[in-house]
Amino acid sequence: MKTLQASARPAARAWLAVVVMAASPLLVSAGDLSATYRGKPVPFGQGRAHTEVRTDAAGKAVAVSIVFSEQALAGLPGAAMAPAYVLRMPAKGPRTVVDHVVINWEAAGHPPPKVYDVPHFDFHFYLAKRAETLKINFKNENESADPGQQPPAELLPAGYILPPGTAVPKMGVHAINTQAAEFQQQPFTATLIYGYYNQKQTFIEPMVALSFLQSKPAFSAPLARPARYSKAGSYPGGYRVSYHPDSKSYEVALTEFQ
């Protein structure tokens, strides 16, 4: 019996040490806190889509993504329907500057002609709350040229302009990158748009052609930053459009948050 008690003591001490380590905030914070937090999925085409927030080893958000299944590209409605798919952010994990996401399917594209008039998706990462974006309204699409909608220069990244004809209700006005490939006589594949309303930033929008997604890309690019932002927080320095063969899914992500 004494032998059994003696052998049990080291095991008990080891178990106690594990409990103490787990209860120590210092030791817990020193661990690897990298994780992926997923939002609630919603129907999208014949598949589903959800948001994701990825964190690094320190628990800091480094990417905000839209992930959707391969089947999402099938069964999409025609231009007359023009649906908007609203995705909420994950309930758990760190908060980011992104409040919610809306996917807009453009079956026939939109202006300008011979640039964005091909089937594509507008992936809006909204900085404003959903209730606020629903109140956005314009008398006509050319209100984007109104001085009251033109943001201060420091809110526009270098090379971006806010042209007339880009005011869209429940979204805002759209600033385009004049140096983007599609404005240099190259086909539109993927590009990055900044959105504003009443001179404040409202969204960051990767815009991706359907044909480019169907090619199952592995694309990433730096993202031009403005000198400052309307909303305090950490913002992306790049974006990514990729296909994951293991899960047969696509991902459109804002990356390199700083």
Side-chain angles (χ1 to χ4, degrees), residues 39 49-54 60-68 84-90 94-106 110 116 120-130 132-133 136 144 149-163 166-168 170-182 188-209 212 219-242 250-258:
H50 66 269
T51 57
E52 288 188 358
V53 174
R54 290 192 181 89
K60 176 186 174 184
V62 292
V64 178
S65 306
I66 302 167
V67 178
F68 50 98
Y85 305 89
V86 180
L87 283 66
R88 299 297 180 181
M89 299 303 293
R95 301 296 93 189
T96 72
V97 292
V98 180
D99 179 81
H100 66 286
V101 173
V102 178
I103 305 174
N104 296 94
W105 162 235
E106 301 286 350
H110 55 63
Y116 298 135
H120 70 268
F121 296 93
D122 297 341
F123 297 98
H124 291 88
F125 291 77
Y126 279 98
L127 311 177
K129 294 186 179 299
R130 181 65 175 161
E132 295 173 8
T133 64
I136 294 175
S144 54
Q149 291 299 334
Q150 293 287 324
E154 60 267 27
L155 294 184
L156 279 168
Y160 276 74
I161 63 168
L162 209 165
T166 69
V168 181
K170 299 179 182 179
M171 289 185 192
V173 296
H174 296 64
I176 60 170
N177 181 5
T178 58
Q179 304 303 313
E182 61 269 21
F188 160 55
T189 55
T191 197
L192 199 287
I193 306 289
Y194 276 91
Y196 303 81
Y197 182 63
N198 285 346
Q199 300 183 326
K200 294 182 179 180
Q201 291 150 335
T202 54
F203 60 79
I204 301 172
E205 177 195 347
M207 199 160 66
V208 186
F212 189 55
F219 166 85
S220 62
L223 183 155
R225 296 173 183 266
R228 70 176 179 90
Y229 296 91
S230 302
K231 180 180 178 181
S234 180
Y235 283 83
Y239 75 109
R240 180 173 66 239
V241 180
S242 54
Y250 293 91
E251 180 181 15
V252 177
L254 300 181
T255 61
E256 302 174 29
F257 275 69
Q258 296 178 11

request  = Evaluate the criterion side chain to side chain contact (heavy atoms under 4.5 Å, CB included) for residue pair Ile136 and Met171; output intermediate values, then yes/no.
outcome  = CA-CA 7 Å; Ile136 294 175; Met171 289 185 192; 5.9 Å; no
task = Report the C-alpha separation of His174 and Val168 in whole Å, then their side-chain angles, then the decisive distance to 0.1 Å, and conclude whether the side chain to side chain contact (heavy atoms under 4.5 Å, CB included) test is met.
result = CA-CA 8 Å; His174 296 64; Val168 181; 3.7 Å; yes
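Between Phe219 and Phe212, a ring centre-to-centre spacing shorter than 6.0 Å is recorded. Side-chain rings of Tyr235 and Phe257 stay apart, their centers remaining 6.0 Å or farther from each other.
Of the inter-residue distances, the one linking Met207 atom CE with Thr189 atom OG1 reads 10.5 Å to the nearest 0.5 angstrom. Note that CD1 of Ile204 is 6.5 Å distant from CG of Leu223, once rounded to the nearest 0.5 Å. Considering CD1 of Ile103 and CD of Glu106, their distance stands at 12.5 Å, rounded to 0.5 Å. Atom CG of residue Leu254 and atom OG1 of residue Thr96 lie 9.0 Å apart, to the nearest 0.5 angstrom. Annotation: the span from Glu182 atom CD to Thr191 atom OG1 amounts to 3.5 Å, rounded to 0.5 Å.
Contact annotation: the side chain of Val62 never approaches that of Thr255 to less than 4.5 Å [non-hydrogen atoms, C-beta and beyond]. Put simply, the side chain of Ser234 does not reach to within 4.5 Å of the side chain of Val97, judged on heavy atoms. Taking the side chain as every heavy atom from C-beta outward, Pro151 and Leu162 approach each other to under 4.5 Å. Considering only heavy atoms from C-beta on, Tyr126 comes within 4.5 Å of Phe203 through its side chain. Contact annotation: the side chain of Thr51 never approaches that of Arg88 to less than 4.5 Å [non-hydrogen atoms, C-beta and beyond]. Under the 4.5 Å side-chain criterion, counting only non-hydrogen atoms from C-beta, Leu87 is in contact with Tyr85. Side-chain contact between Pro236 and Tyr239 is absent, with no heavy-atom pair separated by less than 4.5 Å. Leu127 is not listed as a side-chain neighbour of Ser230, based on a closest heavy-atom distance of 4.5 Å or more.
Taking all atoms of both residues into account, the shortest heavy-atom contact from Pro94 to Ala61 is CG-CB, 4.0 Å. What you find for Leu155 and Gln199 is that their closest heavy atoms are CD1-O, 3.3 Å. Pairing each heavy atom of His100 with each of Ala128, the nearest pair is CE1-O, 3.2 Å. Shortest non-hydrogen contact noted between Gly159 and Thr178 is O-OG1, 2.9 Å. Scanning both residues, His124 and Asn104, for their nearest heavy atoms gives ND1-OD1, 2.9 Å. In this structure, Ile193 and Ala175 approach most closely via the heavy-atom pair CG2-O, 3.3 Å.
Comment: Arg225 does not engage Glu256 in a salt bridge, judged by the lack of any side-chain N to carboxylate O separation of less than 4.0 angstrom. A salt bridge links Glu52 with Arg54: the distance from a Lys NZ or Arg NE/NH1/NH2 to an Asp or Glu carboxylate oxygen falls below 4.0 Å.
In this structure, Ser65 contributes its side chain and Ala253 its backbone to no donor-acceptor pair below 3.5 Å. In this structure a side-chain-to-backbone donor-acceptor pair under 3.5 Å is missing from Ser220 to Arg240.
Side-chain contact, Tyr196 with Gln149: no donor N or O sits under 3.5 Å from an acceptor N or O. Side chains of His110 and His120: a donor on one and an acceptor on the other come within 3.5 Å.
By the 6.0 Å contact criterion, NZ on Lys231 is enclosed, its count of non-hydrogen atoms from other residues, nucleotides or ligands being greater than 12.
For Phe121, the ring-ring contact (aromatic ring centres under 6.0 Å, His included) partners at least two apart in sequence or on another chain are Phe44, Trp105, Phe123.
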